Amino acid sequence: MAEHLAAWDLRASVPVLTKMVQACREHLGDGSTYLLGRAIATLTDLRQQAGDEKALGDYAAWIRDVHPKNGDRDWRSLLRPMWRNPDHPAIVAAARAMFEGDKSPWTERFLRDGNTHDLFKTPLLGLASFRQRLLVELADQAPAGKIKLHEECYGFLEVTGAYSGGAAIHSSLDPLAPEGVAEVPFRVCDFDAFQLADHAGAPRCEVYWPVKERDRAVMACVAFLSKYGERFKFSPLTRSPDDWPREDRPRMAFPRRDRPATRAEFGRAEAVFSLDGAAKVRAWNLPAFPMPAAWVALKDRPYRTQCYDPKTKKTGTRTDYRQSGFVWQAEETWQDGRWRRYFGFVGSGQVAKVAAEEIEFPAPGYDWAKLSDGIDCRLSRRLVEKPPTNAADGPAEPLMGGPVIVQVELRNRSGVEQSLPTEVMREDPKAGPMLHPGIQLRLRYTASKDANRGASLEDDGTDWRDVAPKQRQSLNIGAATRGAAPAATFATFALDLEDWFDLSRPGGYRFQVVFDRRAGAFAEGDSQELQFSLSKGDPKSR
């Protein structure tokens with residue numbers, strides 16, 4: 001009820017929220033946090049949003065005395081007010097009491113205990129006291145557990161007297177992994193370095209590596225925390241669009257720049273890199289900030305993933321690489337008579353200056369197809385038709401005789417501008433629609449009775465036949481080109497499939513756009529397929 005009151009009138013709800021926090025604390029006199037502990041954290045957030053200056057002080061006085069074993073294990077929720085306010089004096093004092101004292105229950109088996117192990121995946125890393133404790137742990141070479149690697153090159157953490165299990169650890173394709181079945185003991189410092197390595201930008205460390213390699217990785221983690229620890233402080237920039245509303249993840253964040261970074265700013269870890277000293281340097285304006293990116297030339301962390309070949313209809317494996325991250329900085333320097341661009345990339349074990357030619361900006365969502373030469377293609381997720389006069393629930397599957405409209409979008413995922421044709425499609429008054437000669441349309445058809453309206457159209461490869469396209473004049477593209485900026489959509493056009501194919505038969509259809517470099521296209525590859533079915537009916541009656 002208190003939360004509903006806050007949603008109705010946040011500022012007026014402060015007295016009630018304050019009383020509810022006090023009531024929760026009194027009820028939890030035995031130190032337990034079960035259910036009501038989460039309520040205290042939520043009510044604290046609401047009080048703070050309402051401008052109550054006492055909210056964090058009340059919360060800090062309570063949380064510093066809570067024992068980590070007296071809870072419902074939802075410490076991600078209970079400690080959220082701490083990492084969201086890392087510089088508040090009361091929070092700083094509470095964090096110091098919880099994480100810096102050797103006799104504190106929070107430092108017993110730090111992050112290895114079953115109640116607290118998942119705190120590594122929170123922005124607590126942005127609190128100075130939490131990082132200080134982690135540095136202490138990274139110096140601890142006491143035994144912590146072991147990992148058993150099976151013949152299939154995977155295993156699970158077995159932490160002595162504490163949390164074990166979690167996601168499987170795969171060692172295939174790692175040249176530092178032991179051969180065959182192995183049992184490898186690991187230390188406290190190895191365990192913490194391995195957990196830290198899960199954060200973008202942090203150095204890699206595997207618990208099954210030889211001790212010498214783990215020692216090197218641990219030292220790299222110490223240097224990383226010492227330089228970049230402040231960058232993990234919670235802020236709106238550390239959140240990602242794919243995060244749940246109350247799910248905060250630890251991410252590095254760098255300030256947005258409108259001028260080139262100085263050497264001093266780079267030294268203070270306020271920038272990923274500095275071109276200070278070059279004759280000419282300028283900042284390049286990122287279209288979004290930060291920008292999800294892939295360092296496509298980074299191939300130091302291969303892994304196997306399952307894949308499916310639609311042509312052979314067989315599943316198999318392929319080798320991929322951990323290349324994803326975020327671009328936080330973009331600058332250009334004058335080299336060899338042209339501007340050369342570099343990006344500040346934070347990703348898999350990397351905080352690095354990367355040449356723009358090695359960066360791609362993946363399209364958002366899963367409905368874009370990756371073509372060659374840094375080009376993406378998307379077909380509209382559902383077919384578009386002229387709205388029926390009496391539709392109640394929006395457009396349905398098209399009927400025979402009605403238009404079947406597909407929208408095509410093309411974007412540049414490359415980190416550099418590309419020169420592309422000024423036109424890829426034209427509606428000519430006399431010749432009708434014309435396409436770029438290197439772009440072809442493919443349509444397949446089945447008369448199967450299972451391909452009814454709304455039914456799933458399974459592709460078994462036997463009942464499907466190609467539909468021959470109508471003869472159309474190709475577009476004369478000429479030599480004119482235009483620049484396509486990184487991550488920008490450079491062409492959007494619509495196709496009425498009735499202009500290109502004979503759609504006079506009811507049944508199931510699959511449509512695809514094919515790009516052929518041999519025919520002069522600017523990229524090679526296929527779009528994803530769009531499925532639809534046609535049935536008999538009068539579109540005018542709908």
Side-chain angles (χ1 to χ4, degrees), residues 1-101 104-106 115-116 118-119 121-131 230 232-241 243-251 253:
M1 290 299 295
E3 290 188 52
H4 287 299
L5 174 62
W8 179 46
D9 192 334
L10 183 59
R11 190 169 297 276
S13 67
V14 170
V16 175
L17 297 175
T18 304
K19 290 181 179 180
M20 291 299 297
V21 169
Q22 184 60 33
C24 290
R25 291 185 60 179
E26 291 174 356
H27 188 80
L28 296 175
D30 60 352
S32 172
T33 63
Y34 184 69
L35 294 180
L36 293 182
R38 278 178 282 175
I40 291 176
T42 300
L43 296 172
T44 297
D45 287 340
L46 293 173
R47 289 175 63 187
Q48 187 185 9
Q49 294 171 26
D52 185 353
E53 297 181 355
K54 297 181 179 181
L56 290 176
D58 292 345
Y59 168 82
W62 168 72
I63 195 65
R64 65 185 297 164
D65 294 327
V66 172
H67 197 289
K69 293 186 178 180
N70 293 341
D72 55 4
R73 301 193 178 189
D74 189 13
W75 290 109
R76 293 184 66 96
S77 297
L78 270 66
L79 298 184
R80 185 170 57 246
M82 292 193 72
W83 67 65
R84 288 195 170 185
N85 303 275
D87 296 322
H88 189 278
I91 296 296
V92 171
R96 186 177 296 119
M98 294 166 64
F99 302 123
E100 290 193 30
S104 169
W106 288 92
N115 285 25
T116 59
D118 62 346
L119 291 181
K121 294 180 173 60
T122 70
L124 279 176
L125 200 59
L127 275 70
S129 293
F130 189 88
R131 292 197 306 276
E230 285 283 320
F232 283 95
K233 277 188 178 181
F234 178 82
S235 76
L237 289 177
T238 63
R239 292 190 57 80
S240 178
D243 285 351
W244 291 93
R246 291 195 177 188
E247 180 187 27
D248 299 329
R249 302 178 187 177
R251 289 190 179 90

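Side chains included, hydrogens not; waters and symmetry mates left out as well; all remaining heavy atoms used. In this text, all values refer to a predicted model and were calculated from it rather than measured experimentally.
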Got a second to check how far L79's CG is from I63's CD1, nearest 0.5 Å?
5.0 Å
Heavy-atom pair with the smallest gap, counting every atom of S129 and A95
CB-O, 3.6 Å
What are the two closest heavy atoms between H67 and P105, and how far apart are they?
NE2-CB, 3.4 Å
So CZ of F234 and CZ of R249: to nearest 0.5 Å the spacing works out to 13.0 Å
For residues F130 and L119, report the shortest heavy-atom separation together with the two atoms involved.
CZ-O, 4.4 Å
Looking only at heavy atoms, the pair that brings S77 and R38 closest together is CB-CG, 3.8 Å
Mind checking the CG-CD spacing from L36 to E26? Nearest 0.5 Å is all I need.
12.0 Å
Looking at G37, is its backbone amide N or carbonyl O close enough to the side chain of W62 to form a donor-acceptor pair, meaning the two atoms are under 3.5 Å apart?
no
With heavy-atom distances below 4.5 Å as the criterion, would you say the side chains of F232 and L124 are in contact?
no
Output every pair passing salt bridge (charged side-chain N to carboxylate O under 4.0 Å, His left out) with a member in residues 92-101, not counting sequence neighbours, ordered by first then second residue.
none
List the steps, then state whether side-chain contact (heavy atoms from CB on, under 4.5 Å) holds for M82 with H88.
CA-CA 9 Å; M82 292 193 72; H88 189 278; over 6 Å; no
What closest approach, in Å, do S235 and A253 show between heavy atoms, and which atom pair accounts for it?
OG-CB, 4.3 Å
If the condition is side-chain contact (heavy atoms from CB on, under 4.5 Å), which residues does Q49 pass it with, not counting sequence neighbours?
L10, D45, L46
Supply the atom-to-atom distance I91 CD1 to N85 CG, rounded to the nearest 0.5 angstrom.
6.0 Å
Quick check for you: to the nearest 0.5 Å, what is the distance between M98 atom CE and L127 atom CG?
9.0 Å
If the condition is salt bridge (Lys or Arg N to Asp or Glu O under 4.0 Å), which residues does D65 pass it with, not counting sequence neighbours?
none
So how far is it from T42 OG1 to L78 CG, rounded to the nearest 0.5 Å?
9.0 Å
Sorted by chain and number, sequence neighbours left out, side-chain contact (heavy atoms from CB on, under 4.5 Å) with P89 holds for none
Please list, chain by chain and in numerical order, all residues satisfying side-chain contact (heavy atoms from CB on, under 4.5 Å) with A23, sequence neighbours excluded.
none
Applying side-chain hydrogen bond (donor to acceptor under 3.5 Å, both in side chains), can you list everything that pairs with T122, at least two apart in sequence or on another chain?
none
Polar side-chain atom of W83 near backbone of L125 as donor-acceptor pair, under 3.5 Å:
no
A side-chain contact here means heavy atoms from C-beta on lying under 4.5 Å apart; do E53 and Q48 qualify?
no
Looking only at heavy atoms, what is the nearest atom pair of A90 and A60, with distance?
O-CB, 3.5 Å
With sequence neighbours excluded, residues passing side-chain hydrogen bond (donor to acceptor under 3.5 Å, both in side chains) with E230:
R131, K233
Just to verify, what does D58 make a side-chain contact (heavy atoms from CB on, under 4.5 Å) with, not counting sequence neighbours?
R47, K54
Please say which of V16, L17, T18 ends up in a side chain to side chain contact (heavy atoms under 4.5 Å, CB included) with M20.
V16
